[in-house]
Amino acid sequence: MASHKVIIYQIFTRLFGNRNTTRQENGTIAENGCGKMNDVTDAALKQIAQLGTTHVWFTGVLRHATNTDYSHFGIPRNHPAVVKGEAGSPYAVMDYYDIDPDLAVDVNQRMAEFEQLVSRTHKAGMKVVIDFVPNHVAREYHSLCKPKGVKDLGQGDDPQQGFSPQNNFYYCPGQSFAPYFDLYHGAPEPYLEEPAKATGNDVFSNAPGRNDWYETVKLNYGVDYYAGRVGHFDPVPSTWKKMTDILLFWAGKQVDAFRCDMAEMVPAEFWAYATAKVRKKFPDIRFIGEVYNPAEYRHYIASGFDYLYDKVGMYDTMRAVICHQAPASAITGAWQATDDIRDHMLYFLENHDEQRVASAFFAGNGLKGIPGLVASALMQQNPFMLYFGEEYGERGMDKEGFSGHDGRTTIFDYWSVDTICRAAWKSLSDDEQLIYDLHKKVLKIATTENAVCEGFFFDLMYVNGHLDRQYVFLRKADNELLLVAANFDDRAVSIAVNLPAHAFDFLGIPEKKISATDLLSGKKQNVLLQKDSCVALQLEANGCCVLKMKFSAAKKK
């Protein structure tokens, strides 16, 4: 059995189980419906596991600001001026110790329903990932469910100080919150905040703009931005302790990993402190960081992160190659930039922040993303992530409300996802079924083939300069060799793949004629393995092949 390769399946929990197809723009929960945690059934989890999934990221499970009224359950209403969309952003957390009531069948039992979801996921053989949003909270943050003895964020702050190392927030003393918009937003009374708190995307004034994260407030980790980002970390800031306690709380609920939102907006010193504290009690916990600055990657890995988004490098490059804005050889440069930390880099083609591959803003067709999937999932041993609906070629071309017509699946609105619904009703198109079947095959290869999970990688592009829209590489473990070719061209091609002598020497490949099987199509062909020779391949438009060869003996180096 192959070694462990992490495959993360991201679910936007509010949308996943919703089968209501009303899809009214800016619709309420009563009009458009809402998925529940209980919709992630044993059967649904079994199907997710069949994709090769090892971890399920349940996005948006913490209680966040919303325009839906839950006051009859003892949950105060949010002011609509500081809520984005009818459903609200899952990254404007209202209570770090609570589960979002939208997701519960019985609101009073929402924590129990979450615990049951965790149990079902573990029973299906997968681990649970949830969001940890460390940089900012909802403007009206107030914990109703914090454990006894826990002090709330902001409790004990001195709001007359713009910055204090022991404050949880940053303040604008003497200034009221005065953003670009109408403070009423349809409510009978205006939203009042005095003094104003700094906004989540590092706006240290009382007047955030239209494109700012105006619905959030920035948390203070002891960095004095007013004095030019001077750190005050001794004694340990109050926010460090409170946020570490939140991580410990959810780890105690058997959460296996945290996807840490905008991790680089929080000082690495905090992460070193928090990850050590959590791992002391829960040694198997994993931390996934959303870090976009490549210059900071190694700093954050050293501070305790297991995996980091490879967005600026690999994702941006792969997208450019898929869209014919860069040659396939650009992929080589992308992996080389992080080769020393490759096992820590999380590859993906979609997530809730990015446009759908099949959207008109990206490739326009999910089949065009398949070569990117093959390259991303099979190139290295590092983790790969996919977003629910990606496996069917979901287009994300709806105009849902606050999200707008942007090629993304909304995180702000009540909605249902077309392909997810039709997959449940077994009414996918032929192309959608093909995209699903290919995802299933590719991810099975990624998680079961020794050559991918634990083998060596050899990039063949340096001796295949004649290939502009094809990416080719080898994977090798023991006596098994994979020759992988991904065709990013929109037409079928015949290519000759050069195999350099160095590949034979480095990987210990014997020179011989051998039968190879394409793990994607099942077709067999004879391959002459000879130093500095060529292998002829026929590739369909946006097609790929994974030729597997098995030797009777191997020389491993």
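The structure displayed is predicted, hence computed values, not measured ones.
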For this session: Sort and list the pairs that fulfil salt bridge (Lys or Arg N to Asp or Glu O under 4.0 Å) and have at least one residue in residues 368-389, not counting sequence neighbours.
Result: K368-D490
Seminar exercise, completed: Contacts of D316 meeting salt bridge (charged side-chain N to carboxylate O under 4.0 Å, His left out) (sequence neighbours excluded), chain-then-number -> K311
Problem set entry | Partners meeting side chain to side chain donor-acceptor pair (under 3.5 Å) with Y300 (sequence neighbours left out) | none
Exercise. Would you say the side chains of T28 and E86 form a donor-acceptor pair under 3.5 Å?
Worked result: no
Problem set entry | Among V129, I48, L45, side chain to side chain contact (heavy atoms under 4.5 Å, CB included) partner for T121 | L45
Exercise. Which atoms form the tightest heavy-atom contact between S376 and M318, and what is the distance?
Worked result: OG-CE, 3.4 Å
Problem set entry | Nearest non-hydrogen partners of L467 and M461, listed with the distance | O-CE, 4.0 Å
For this session: May I ask you to check whether T409 and R356 show a side-chain donor-acceptor distance below 3.5 Å?
Result: yes
Exercise. How would you list all residue pairs meeting ring-ring contact (aromatic ring centres under 6.0 Å, His included) that involve residues 413-452, not counting sequence neighbours?
Worked result: Y392-Y436
Exercise. By side chain to side chain donor-acceptor pair (under 3.5 Å), which residues pair with E432, not counting sequence neighbours?
Worked result: R422, S429
Seminar exercise, completed: Between the CD atom in Q538 and the OG atom in S521, the distance rounded to the nearest 0.5 Å is 12.0 Å
For this session: Report yes if the distance between the aromatic ring centroids of H352 and Y91 is under 6.0 Å, otherwise no.
Result: yes
Exercise. What is the ring orientation for W57 with Y309, classed by angle as parallel under 30°, tilted 30 to 60°, or perpendicular over 60°?
Worked result: perpendicular
For this session: Could you pull out all residues at least two apart from K444 that satisfy side chain to side chain donor-acceptor pair (under 3.5 Å)?
Result: none
Exercise. When you look at CD of E31, are more than 12 heavy atoms from neighbouring residues, nucleotides or ligands closer to it than 6.0 Å?
Worked result: yes
Problem set entry | Atom pair CD (E394) and CD1 (I420), whose distance is rounded to the nearest 0.5 Å | 7.5 Å
Exercise. For R395, what residues pass the side chain to side chain donor-acceptor pair (under 3.5 Å) criterion, not counting sequence neighbours?
Worked result: none
Exercise. Would N382 and Y307 count as having a side-chain donor-acceptor pair, cut-off 3.5 Å?
Worked result: no
For this session: Could you tell me which residues satisfy salt bridge (charged side-chain N to carboxylate O under 4.0 Å, His left out) with K84, sequence neighbours excluded, listed by chain and number?
Result: E215
Problem set entry | Flag for R319-Q355: side-chain donor and acceptor within less than 3.5 Å | yes
Exercise. Going by the salt bridge (Lys or Arg N to Asp or Glu O under 4.0 Å) test, which pairs reach into residues 47-65, not counting sequence neighbours?
Worked result: R63-D95, R63-D98
Exercise. Partners of K512 by salt bridge (charged side-chain N to carboxylate O under 4.0 Å, His left out), sequence neighbours excluded?
Worked result: none
Exercise. Do W335 and F457 have ring centres separated by under 6.0 Å?
Worked result: yes
For this session: Given side-chain hydrogen bond (donor to acceptor under 3.5 Å, both in side chains), test E264 with N293 step by step and report yes or no.
Result: CA-CA 8 Å; E264 67 184 310; N293 182 358; 4.6 Å; no
Exercise. Partners of K441 by salt bridge (charged side-chain N to carboxylate O under 4.0 Å, His left out), sequence neighbours excluded?
Worked result: none
Exercise. With ring centroids as reference points, do F506 and F456 lie under 6.0 angstrom apart?
Worked result: yes
For this session: Taking S416 for its side chain and N20 for its backbone only, find out whether a donor-acceptor pair lies under 3.5 Å.
Result: yes
Exercise. D39 and K36: salt bridge (charged side-chain N to carboxylate O under 4.0 Å, His left out), yes or no, with the steps?
Worked result: CA-CA 5 Å; D39 293 327; K36 308 295 181 184; over 6 Å; no
For this session: Take D131 and R259 through the salt bridge (charged side-chain N to carboxylate O under 4.0 Å, His left out) test and state the conclusion after the steps.
Result: CA-CA 5 Å; D131 289 287; R259 179 268 184 187; 3.4 Å; yes
Exercise. Got a sec, which residues hit ring-ring contact (aromatic ring centres under 6.0 Å, His included) with Y96, two or more places apart in sequence or on another chain?
Worked result: Y141
Seminar exercise, completed: What one should report as the nearest heavy-atom pair of F384 and F348 is CE1-CA, 3.9 Å
